[in-house]
Amino acid sequence: MCQSCHVPAGSPYRTAERPELLGDTAEGAAGLTTHAPQAAQTVVLPDSLDEAVAALTAMPAAVPVAGGTDLMAAVNAGLLRPSALVGLGRISELRGWHYQDGAALLGSGLTHARIGRPDFAALIPALAAAARAAGPPQVRNAGTLGGNIASADRTGDALPVLAALDATVLIAEPAGGHREIPVSHLLAGVEMLRTGELIAFVRAPLLHAPQVFLKATGRTGPGRAAASVALVLDPARRAVRCAVGAVAPAPLRPMEAEQWVAGLMDWDGHRGLPPEALAAFGDYVAAACIPDPPPGAEGEEPPRLPAAALHLRRTVSALARRALGRALS
Amino acid sequence: MNPSQERTAAPSATTAVPPAEPEGHGIGASLPATDLAAKTEGTFPYAADLWAEGLLWAALHRSPHAHARIVSVDTSAAEAMPGVRVVVTHRDLPDAADHGRGVRDRPVFAHDVVRHHGEPVAAVAADHPDTARLAAAAIAVEYELLDPVTDPQAAFEAEPLHPDGNLIRHIPLRYGDPQAAGEVVVEGTYRIGRQDPAPIGAEAGLAVPRPDGGVEIYAAATDPHSVRDQVSACLGLAADRVKVVVTGVPGATGDREDGSMQLPLGLLALRTGSPVKLLATREESFLGHAHRHPTLLRYRHHADARGKLVKVEAQILMDGGAYADTSADALAAAVSFSCGPYVVPHAFVDGWVVRTNNPPSGHVRGEGAMQVCAAYEGQMDKLAAALGMEPAELRARNVMATGDLLPTGQTVTCPAPVAELLTAVREAPLPPEDPGERALLPGGPEGAGEPGVVRRGVGYGLGMVHMLGAEGADEVATATVRVSGGAATVICAAVETGQGFATLARQIVQEVLGVDEVHTAPVDTDQPTAGPACHGRHTWVSGGAVERAAKMVRTQLLQPLAQKFGMSAELLTIADGKITSYDGVLSTTVAEALEGKELWATAQCRPHPTEPLDANGQGDAFVGMAFCAVRAVVDVDVELGAVRVVEMAVAQDVGKVLNPRQLAARIEAGVTQGVGAALMENLRTNKGIVRRPDLTGYPLPTALDAPDVRIVKLVEERDVVAPFGAKAASAAPVVTSPAAIAAAVRAATGRPVSRLPIRPQSAAVQ
C-alpha cells in the first residue's frame, strides 16, 4: 500500500477552539470539543488495481469510491458513515478499455461521459445511449460504469444494457487473482462481492449489429427512468436479447419473447418485421415483466392490475416495440 | 441505426421579449439587478454563509410520525454526548408559546402530540454540526401512534387534531339567484397536488445572544418583523430585545418565515450564551416549510346555448395541513376568484380549508388563485366541448372588463384588459408544426420519443390573482431616502428576495432625484416594517413609499434654489445629476445644490382599505388584481404519456413596465414554476409521511423542461391607485400556466386531464 497516499480526513467545518470562552454552558453540557467522529478516518488513493485490492483487504470496512454520485450523497444524507474510503480515481487502468477475444474489457472507472462519446458509441451503441441518458452532465462526468453496477439501483441506466449484452464482470480478488461472473448474477444477488474484492472490468461482447436503449422518464430534462428497455441483436447466434430496467429491483430478461421474435426474423435477409409483429413483441415483453395478478378463488372477480401498473405495462410495451423497430429499421 | 445518436442537444429555450429600451436609468430602464455581479461571481453572502467566532451548531429532532402522542422525551443520552452544549424542549419555553403566520396555533416544540411528519420536538446545540445531528437523533422520544387524518374530506368528522378544531375556515359565497339554470351544464372534479416552493437555498440562520439578554437573529426571512414578533412572544422577551437581520435570500417563491427554525435558534443562543447556527438539510427544508395547498374542487358550470355563462356552483376543499398558517387568506382568494376573469351573474360556492396531518400548507405564489384557475379553465374547456365551440371563442364571449363584478360583489375598478390579453395570445403566430431535425421530443434528448406518435395540442388559460393582502389587512410600508454628496441611500425593510426590489428602488430614486448612484441599506427590524415580500406588495407599497420619500427630498433640495431664483420648484427639473430650470437659465449639479448638507425624508404608503368577506362571501376584499392570458403549445407522446411544453405565449396586464428585463425574468420564472406544477411537482405522502423529501424524488423543471416563453403583449394600462400604475407580475403566470398546459394536453389527447400535476397515465391515449 502506498503509505504516502494516506490523507487524514480533516473536519470540513471549523470547530470551537476555545471552549472556555464560550461562557457558562447549560446543564448537561460536557463542555468538550469534539472532532467529527463520523467522518472517514482514512482515505487511501491507490495508483493501481493491485494496490486498491490490497487496501481493501487490509481494511475490510473500507468502502471503494469512484465517482461518488451515489455514495457521497448517502454519506451527506447521514445514511452511510464509512470508516475508510479507497478512492479509485487514480487507477488509470480502470478508466479505459481494451479488447480481448472479440470482446471489449471495459474498465469499471469509465465515466458515463466517456462512454457516451462517439468512438465508444461505435463499439457498443446501447451502452453509449444509456450513458448519455444517465442524468445531468455533472453526474455523467463523475459517475462510472462500475459504480452503476455496485449501486445496483433499480433505475441504473447501464444495467439493462449490460443484462441484454449478457455481459460479465471481472472481479479482482485479494491475492492478485480474479473471478468472472455474469452481471445479472451480481445484480440479482445470486453472487455477491466478498471482502477485499473490487469490480475491475466488464466484459461486453462486440456484436457489430444494431442495438438500442430507450428510457421513459417523467420529464424532458434528465430524470430517473420509469421504465427502460435495452435491446441488442446478435446475428452470430441469431438471437435477440432484451432487458427491461427500472420496473423491478434488477433488470428483467423476457427470454420467451426474445426467442419468439428471433425465430420470426429472417436473419439472412433484411431482418425486417411487420408492425403487428413488433407490437406483439412489445406486448409479450410487457406481459412477461409486469404479469397479471394470480387469479382469485373460484367465482370471484379476477383481480386487476392497478392503473399505475397498467400504464407501466403499456409503457414497457411501447418501449420494447419501438426498440425492436429501431433495431430493425 | 440508433436515432438517439443523431439527436443532439435541444435548441435552448429562448424568450422573445419586446425590445427593451436602451439601458439607462430611472423607471422603464432595463437596469441589471444590483446584486448581479456578486451572485454570478459567487461572493454574494447567503444566509448559509453566516459565521461568528465560537459558534455552535443546532440540529432539530423532528417527528418521524405524522400523528402521535408524545409519551416521554428523554434527552439524557443526547446531553451526555461530548460536544453537546444544550438540549431544549417545550419545557424550556413559557407556557402557551405558540407561533405561526396568520394564526398562532403552532407550538415551537411539539408536546402532548405531534401533528405532522417533521414537526420539531427538541433542539440541540453542539460544537459540530454532525455532533448536533447525532445528538438530535439520540433524543429518545416515546411516541404512541395515532391514526393520521390525511384525507381532507375525513377531517370534518375526525376527532379534533388541535384545540382550535379541524375546520380552519369555511366561506360560503352566495351571489345571485340560486334557481338560475343554464341550457348546458357541465360538471367536473379537479385535484391539485402539493407544490413545494423549493427555494434554491435551504433554510439557514444564525442567532447571536446580546449582552442585554436579547437575541439577534440573522436569517433569510421575507417578513422580518413577523419573525421578530413571533420570536419575542414565544421566548417571553420584549419586542425590542429581539432583532432580526435579513441576510442574503437564496430564492423565495413562498414564505421564508420558518419560525419552527428561527425560534429554536433564538432559544439555543439564549441558553448557551453563544452564537448558534442552523443549516437545514434539503430534507428538513421539505418537511419544515409551508407548501401549496393540495385542493379538491367540484364544479358545475351553467351556460346558455350561445355560450354565455349563467351560473357557477363549486365546492373547494383545501388541505391546510396541521396548522392554520395563512390558509384562511388562501381560501379567500380561491373562493373570490373561483369563477375566474369571467362575467358570471350567479355563483354559489362553498370553500373549506381543513386541518389534517399532512405537511403544512401556506403561502406559495398565487395560493388559492392557482388551484381554482386549473379548475375553472378545465370547466371552460368542458363547456366548449359540450357546445361544440372553440375553447378560446367561449372564453372570449365571457371575459370580464373594468366595471364588472366579482362574485364577491366587488366591482373590478382596476384595468381588466382580459379581452385584449386573450386576443393577443390567440393572434400570436404558432410555433412551426414540423419542428425539424434537432427538435426535442417529449421524454428529452435521450428519451424514447418517436415522432409518429407525438401529437401537438394548443390550450388557453386565463387567470387572475390579487395584489397585496386582502380582507382588511393593513398593507403599509415605510421608506426613508437620504441624499448626500451626490449619492442617495434607500432605507426600507422590504426584503430583496430576487424579485428586484433593490433595483426598483434604485430606479425610482434615479427617476425622482436624478441621482445615478443609489444604494439600498441592509434590512433589519430596527427599521419600520414594510410587510412580507409577497403578493407584489413591495412593487406597490414599498415602491410607493420610496417614491414619496424621494419626492419629499426633491422638494427639500429644490425649494431653496427656487426661492433664490424666484421661481416655483415645479419649474426645475433634475436629470443626470444636474438641476436645470425650464428656461435653461439656471444650471447646477445636485452635489452643489446640497452645499454639503444631508437631506432625509421618510414616507409611508398605505393603499385604500379593504373589508373582510361577510357571511355570504361578499365584500370589497382586494386592493387590486392582475390578469394574465397564456397559450400553451405542447407535444404529447400519446403512448407513453410524456409531455413536453413547446412554447408558452404570455400576454399580461402589468399596468406599467418599470424594468423590461426584470419583468421578462419574472414572467419566465413564473411560467416555469407553472410548468412544474402542471407536469411534475408534487410532494407525495403516504399516510402523512413525506415519501421522498429530496430533489431526486421531487423533480423540478430543468432547462430542458422549461419551454420557450414568448411574451406576446404587455398591456400597459395604468392602475390609477397604484404607484406608477404598475401591477405585480410574478404570481399571474404561476396561476395561469398550469391551466393552459392542462388545456393543451386535453386538446392533444382528448383525455379529460383533471389532476395536476398531469400524470403520464392521464396523458396517454389507450
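Only a predicted model underlies this, so the values are computations on that prediction, with no experimental measurement involved.
- In this structure, T702(B) and G221(A) approach most closely via the heavy-atom pair OG1-CA, 3.3 Å.
- Counting heavy-atom pairs closer than 4.5 Å to chain B, the top residue among A225(A), S317(A), A133(A) is A133(A).
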Residue pair D130(B), R81(A): steps toward the side chain to side chain contact (heavy atoms under 4.5 Å, CB included) verdict: CA-CA 11 Å; D130(B) 278 348; R81(A) 297 285 188 195; 3.8 Å; yes
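- A 6.0 Å sphere centred on CZ of R684(B) holds no more than 12 heavy atoms belonging to other residues, nucleotides or ligands.
- Interatomic distance, CG of D637(B) versus CZ of R322(A), reported as 4.0 Å (0.5 Å rounding).
- With a 4.5 Å cut-off on non-hydrogen atoms, D694(B) does not touch chain A at all.
- Considering every non-hydrogen atom in both A764(B) and H311(A), the closest pair reads CB-CE1, 3.9 Å.
- Heavy atoms closer than 4.5 Å to chain A are found nowhere in T75(B), neither backbone nor side chain.
- Nearest heavy-atom pair, T217(A) versus G443(B), reported as atom, atom and distance to 0.1 Å: OG1-O, 4.0 Å.
- For the atom pair CE (M680(B)) and OG1 (T220(A)), the distance works out to 6.5 Å, reported to the nearest 0.5 Å.
- Both the backbone and the side chain of R219(A) come within less than 4.5 Å of a heavy atom in chain B.
- Nearest heavy-atom pair across G449(B) and R326(A) is O-NH2, 2.7 Å.
- In this structure, the separation between CG on L640(B) and CZ on R314(A) is 10.5 Å, given to the nearest 0.5 Å.
- Neither the backbone nor the side chain of A227(A) comes within less than 4.5 Å of any heavy atom of chain B.
- Neither the backbone nor the side chain of V88(B) comes within contact range of chain A, judged by heavy atoms closer than 4.5 Å.
- The candidate from V645(B), T281(B), V643(B), V453(B) with the greatest count of non-hydrogen atom pairs under 4.5 Å with chain A is V453(B).
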